Amino acid sequence: LPISVQFDFATGIFTPFIDVTERRMSDLAPMFYDQDAVQSILASGNRTIYEIRYHPFITSSSDMGLGVTRIFPGKVGDEYHMTKGHFHERLDQPEIYFCVRGEGYLLLETRDGDFRTEPWQPGTITHIPPQWAHRVVNTGADTLVFVASYHISAGHDYEPILARGFSQVVVERGGVPQLVPNPRRT
Ligand code: M6P
Ligand code: ZN
């Protein structure tokens, strides 16, 4: 049977959802380049960087998943709050991301090191091709909200991101967001 959920543009929350995952500073710790900044944030608390609400639309004939992620504003050192980022385990699986609120960047990278950035604002919809890792960065003062639609069999592969990160990081320099080479790779 068809399933509908109701999305609230003001809060970035849809209901009913099946699951909610909070990603805190401790979960993201290895992803940020400035490890001194990570440790000093952890020493005074373990703040939530982003949270994801899921609805796996599992019916007899479909198994698409819906995820809505809210990335709260902030920085770790000078690096903006962001998702962990992942490849799909399945090599044939794409994804659609839809920015509904906030501003920032979608970072995309292949295993061969082909790197792209998509500037994001409300209304930007990006098709993520198979075999491109994807990470969202919130460079604004507001919460960034994006909707994701994917096949629930796609799977998440975080390992290459944990090991090396993306080619570039998004940092605040002179009061504005800038993309610079990832210090972890130099
Ligand atoms: C979107 C989807 C999810 C993903 C989430 C957070 O909702 O792509 O599959 O889990 O964003 O991204 P990450 O898993 O990289 O932290
Ligand atoms: Zn994905």
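Bear in mind that the values here come from a model prediction, so they are computed numbers and not experimental data. When a ligand or atom number is given, it counts from 1 through the structure's own listing order.
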Q | Test of proximity, R23 against ligand 1: N or O pairs below 3.5 Å | A | yes
Q. Is a donor on one side and an acceptor on the other found under 3.5 Å between the side chain of T83 and the backbone of V136?
A. yes
Q: Could you tell me the residue and atom name of the protein heavy atom closest to atom 14 (O) of ligand 1, and the distance to it rounded to 0.1 Å?
A: Y158 OH, 2.5 Å
**Q.** Which residue and heavy atom of the protein sit nearest atom 6 (C) of ligand 1, plus the separation
**A.** I52 CD1, 3.6 Å
Q: Enumerate the atoms of ligand 1 whose separation from the nearest heavy atom of T69 is less than 4.0 angstrom.
A: 1 (C), 5 (C), 7 (O), 11 (O)
Q. Any side-chain heavy atom of D36 sitting closer than 4.5 Å to one from Q39?
A. no
Q: State the atoms of ligand 1, each with its element, that fall below the 4.0 Å cut-off from a heavy-atom position in G85.
A: 15 (O)
**Q.** Aromatic ring proximity, centroids under 6.0 angstrom, W120 and F146
**A.** yes
Q) Counting no waters, what protein N/O/S atoms lie under 2.8 Å from the Zn ion (ligand 2)? A) H86 NE2, H88 NE2, E95 OE1, H134 NE2
Q. Going by the atom numbers of ligand 1, which of them fall below 4.0 Å from some non-hydrogen atom of H156?
A. 3 (C), 4 (C), 9 (O), 10 (O), 14 (O)
**Q.** R53 and D19 ion-paired at < 4.0 Å
**A.** no
(Q) Within the 4.0 Å heavy-atom shell around Y97, which atoms of ligand 1 are there? (A) 1 (C), 2 (C), 8 (O), 11 (O)
Q.
So, using side chain to side chain donor-acceptor pair (under 3.5 Å) as the criterion, who are the partners of H156 when residues are at least two apart?
A. none
Q: Could you note down all residue pairs passing ring pair (Phe, Tyr, Trp, His ring centres under 6.0 Å) where residues 13-48 supplies at least one of them, sequence neighbours left out?
A: none
Q. R135: heavy atom below 4.0 Å from ligand 1, yes or no?
A. no
Q | Backbone or side-chain N or O of E95 under 3.5 Å from ligand 1 N or O | A | yes
Q.
I need the nearest protein heavy-atom contact for atom 16 (O) of ligand 1: residue, atom name and distance, please.
A. Y50 OH, 2.4 Å
Q) Between H88 and H134, how do the two ring planes meet: parallel, tilted or perpendicular, split at 30° and 60°? A) perpendicular
(Q) Checking E118 against R116 for the salt bridge (Lys or Arg N to Asp or Glu O under 4.0 Å) test, could you report, in this order, the C-alpha distance in whole Å, the side-chain angles of both residues, the deciding distance, and whether it holds? (A) CA-CA 7 Å; E118 297 289 324; R116 301 291 158 89; over 6 Å; no
(Q) Is it true that R23 and T48 share a donor-acceptor pair across their side chains at a distance under 3.5 Å? (A) no
Q. Which atoms of ligand 1 are found less than 4.0 Å from any heavy atom of A148?
A. 1 (C), 2 (C), 7 (O)
(Q) Is it true that S167 and E109 share a donor-acceptor pair across their side chains at a distance under 3.5 Å? (A) yes
For residues 172-184, which side-chain donor-acceptor pairs fall under 3.5 Å, sequence neighbours excluded?
residue : atom : partner : partner atom : Å
E172    : OE1  : K75     : NZ           : 2.8
R173    : NE   : D78     : OD2          : 3.1
R173    : NH2  : D78     : OD2          : 3.0
N182    : OD1  : R184    : N            : 2.9
N182    : ND2  : R164    : O            : 3.2
N182    : ND2  : F166    : O            : 2.9
R184    : NH1  : P30     : O            : 3.4
R184    : NH2  : L162    : O            : 2.6

Q: Give yes if a backbone or side-chain nitrogen or oxygen of H86 is under 3.5 Å from a nitrogen or oxygen of ligand 1, and no if not.
A: yes
Q) CZ of F57 to CD1 of I152: how many Å apart, nearest 0.5 Å? A) 11.0 Å
